[in-house]
Amino acid sequence: MIRGVVRFIDERSGGAPFLRKALRYVFPDHWSFLLGEVALYSFVMLVLTGIYLTLFFKPSLASVHYHGEYLPLRGREMSEAYQSTVHISLNVKAGLLIRQTHHWAADVFVAAIIVHLLRIFFTGAFRKPRDLTYYIGLLMLVLALLEGYLGYSLVDDLLSGMGLAIGYSVLMSIPFVGANLAQLVWNGPFPGGNDFESRMYVVHVFVLPIVIATLIALHLTLVASRHHTQFLSRRANERKVVGMPTFPGYAPRSLGLAFAVAAVLFLMGGLIQINPIWQWGPYHIADATNGAQPDWYLGWLIGALRLVPNFDVTIGNYTLVPNAFWGGAGFPLFVFLVLFLWPSLERRVTGDYAFHNLLDRPRDAPWRTALGVALFTWIFLVFVAGAADRMFVLFGLSYEAQVWAFRVLVWVLPVVALFVTKRICEELLRGEVVEVRRKLVEAEPVV
């Protein structure tokens with residue numbers, strides 16, 4: 001049957017050489033390489049569930065009064081966007097399942113990219129000739145964060161409205177151009193013009209998905225053209241690729257992973273509640289609530305906004321850099337700048353300009369691993385600080401005490417993590433040298 005298909009295609013397109021090469025493409029047999037596929041299949045689920053939701057969602061801020069079946073909201077003034085989302089959740093067939101699956105898929109999509117990024121960083125897979133692939137992956141992460149932010153902001157509930165207010169303030173805080181950018185994006189002062197919702201809608205359902213899909217295609221093309229990296233083994237080396245062919249080895253496994261990802265996301269969408277907007281209520285400018293939290297992947301930005309002390313950079317009566325800039329814009333820009341510059345910085349410091357097809361173990365590069373652990377410890381502590389209000393609401397912990405504690409920990413623990421990680425890597429390498437020497441001594445003949 002396979003030969004018949006290949007013959008049919010080759011006779012009409014001359015594509016047999018390409019198809020034969022694709023079927024013989026070798027994939028590494030290691031679980032960590034599946035992280036990128038989890039992200040890919042989560043994105044596919046996002047697109048499929050998003051298409052269904054667009055059939056019922058109304059991207060409009062026009063004011064209406066709710067007369068649906070949910071009694072606590074009956075008679076309340078709200079936007080058409082919020083009303084249509086409540087209608088999707090409570091009245092449309094499978095609406096709540098699809099909407100929650102869509103939301104969970106967004107969370108898993110970002111999580112898979114981040115875990116994949118950690119694997120790439122700590123194994124040195126970003127080195128030449130795959131640095132361009134690494135840059136595209138980082139850009140994809142940035143756009144995924146923006147896409148997720150716009151997605152839950154479309155609903156116009158109390159939580160998303162507060163998130164948009166914070167985003168407006170952060171954009172306004174950018175020196176020199178922030179005010180003009182905010183006016184341009186929102187089409188006026190917050191909460192913006194009536195067409196702001198439709199602008200978000202177009203960017204969320206059309207512009208960003210196309211850009212992300214294009215980046216995914218380019219990313220996969222570069223991966224295939226340069227081949228996958230692989231861990232050192234008895235058979236693998238810098239010039240030899242070891243693994244399983246696309247068919248019949250890898251394709252069924254990948255297809256099974258796709259169905260597994262879809263099944264888990266649908267189970268989560270059906271069994272685990274997420275973002276019950278009918279409980280938050282519609283957004284009005286004067287309304288706010290304690291303990292409001294964005295999706296998890298924006299928690300580090302909220303934490304940064306809370307930890308930065310209250311100070312502005314002023315010249316006379318002119319505020320050059322408002323306080324919101326440091327945590328909301330400066331912190332994420334610094335983090336992504338470090339990640340984007342890392343391949344060139346490491347290349348310059350180590351003087352290693354060679355091609356690398358084999359991966360490092362984290363212990364093989366103690367300084368890279370130590371600095372990476374310190375950086376991600378710093379980010380994680382800021383992320384945890386973003387939940388300080390939740391810890392106050394749930395456990396009664398003093399909010400002010402938490403903020404001051406985190407302000408100290410974010411500078412102390414990364415340094416501790418740096419030296420501890422470097423020492424662990426060095427000890428692991430030293431232990432391997434001792435073990436090799438012991439085996440050599442044992443193998444020497446006795447005279």
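What you see below is based on every heavy atom in this structure, not just the backbone, and it leaves out hydrogens, waters and symmetry mates.
No side-chain heavy atom of H356 sits less than 4.5 Å from a side-chain heavy atom of P129. Residues I212 and F109 are in side-chain contact: their nearest non-hydrogen atoms beyond the backbone lie under 4.5 Å apart. Using a 4.5 Å heavy-atom threshold, the side chains of T229 and T123 count as separate.
Pairs passing the ring pair (Phe, Tyr, Trp, His ring centres under 6.0 Å) check and including a residue from residues 83-107, sequence neighbours excluded, do not occur. Residue pairs meeting the salt bridge (Lys or Arg N to Asp or Glu O under 4.0 Å) criterion with at least one member in residues 161-171, sequence neighbours excluded, do not occur.
For OH of Y70, the number of neighbouring non-hydrogen atoms (other residues, nucleotides, ligands) closer than 6.0 Å is greater than 12. Atom CZ of F259 has 12 or fewer heavy atoms from other residues, nucleotides or ligands within 6.0 Å.
Every residue two or more places apart in sequence or in another chain that forms a salt bridge (Lys or Arg N to Asp or Glu O under 4.0 Å) with D195 is listed here: R199. In this structure, the side-chain contact (heavy atoms from CB on, under 4.5 Å) partners of L418, at least two apart in sequence or on a different chain, are W367, A370, L371, A374. Partners of D360 according to the salt bridge (Lys or Arg N to Asp or Glu O under 4.0 Å) rule, which considers only residues two or more places apart in sequence or in another chain, are R127, R368. Among residues two or more places apart in sequence or in another chain, the salt bridge (Lys or Arg N to Asp or Glu O under 4.0 Å) test is passed with D131 by R347. Partners of L141 by side-chain contact (heavy atoms from CB on, under 4.5 Å), not counting sequence neighbours, listed by chain and number: V110, I113, I114, L117, L145, F336. The side-chain contact (heavy atoms from CB on, under 4.5 Å) test applied to L215 returns I136, L139, M140, L143, V211, not counting sequence neighbours. Here R253 pairs with D29 under the salt bridge (Lys or Arg N to Asp or Glu O under 4.0 Å) rule; sequence neighbours left out.
Ring centers of W342 and F121: under 6.0 Å apart, within the cut-off.
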Distance-only check: which donor-acceptor pairs under 3.5 Å involve side-chain atoms of residues 263-287, not counting sequence neighbours?
unit_1	atom_1	unit_2	atom_2	d
N275	OD1	W280	NE1	2.9
H284	NE2	E77	O	3.2

Would you tabulate the side-chain donor-acceptor contacts of residues 299-313 under 3.5 Å, counting partners in other chains and residues two or more places apart, or write 'none'?
unit_1	atom_1	unit_2	atom_2	d
W300	NE1	Y297	O	2.9
R306	NH1	G386	O	2.4
R306	NH1	D389	OD1	3.1
R306	NH2	D389	OD2	3.0
D312	OD1	N323	N	2.7

Side-chain donor-acceptor contacts of residues 152-167 below 3.5 Å, not counting sequence neighbours, with atom names and distances?
unit_1	atom_1	unit_2	atom_2	d
S153	OG	Y149	O	2.6
D156	OD2	S79	OG	2.6
D157	OD1	S160	N	3.3
D157	OD1	S160	OG	2.6
D157	OD2	L159	N	3.4
S160	OG	D156	N	3.2
S160	OG	D157	N	3.0
S160	OG	D157	O	3.1

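Rounding to the nearest 0.5 Å places CD of Q83 at 11.5 Å from CZ of F57. Once rounded to the nearest 0.5 Å, the distance linking CD1 of I88 with NZ of K58 reads 10.0 Å.
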For V185 and Y168: C-alpha separation, side-chain torsions, deciding distance, then whether side-chain contact (heavy atoms from CB on, under 4.5 Å) applies. CA-CA 9 Å; V185 173; Y168 180 84; over 6 Å; no
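Here the side chain of Y134 pairs a donor or acceptor atom with the backbone of L339 at under 3.5 angstrom.
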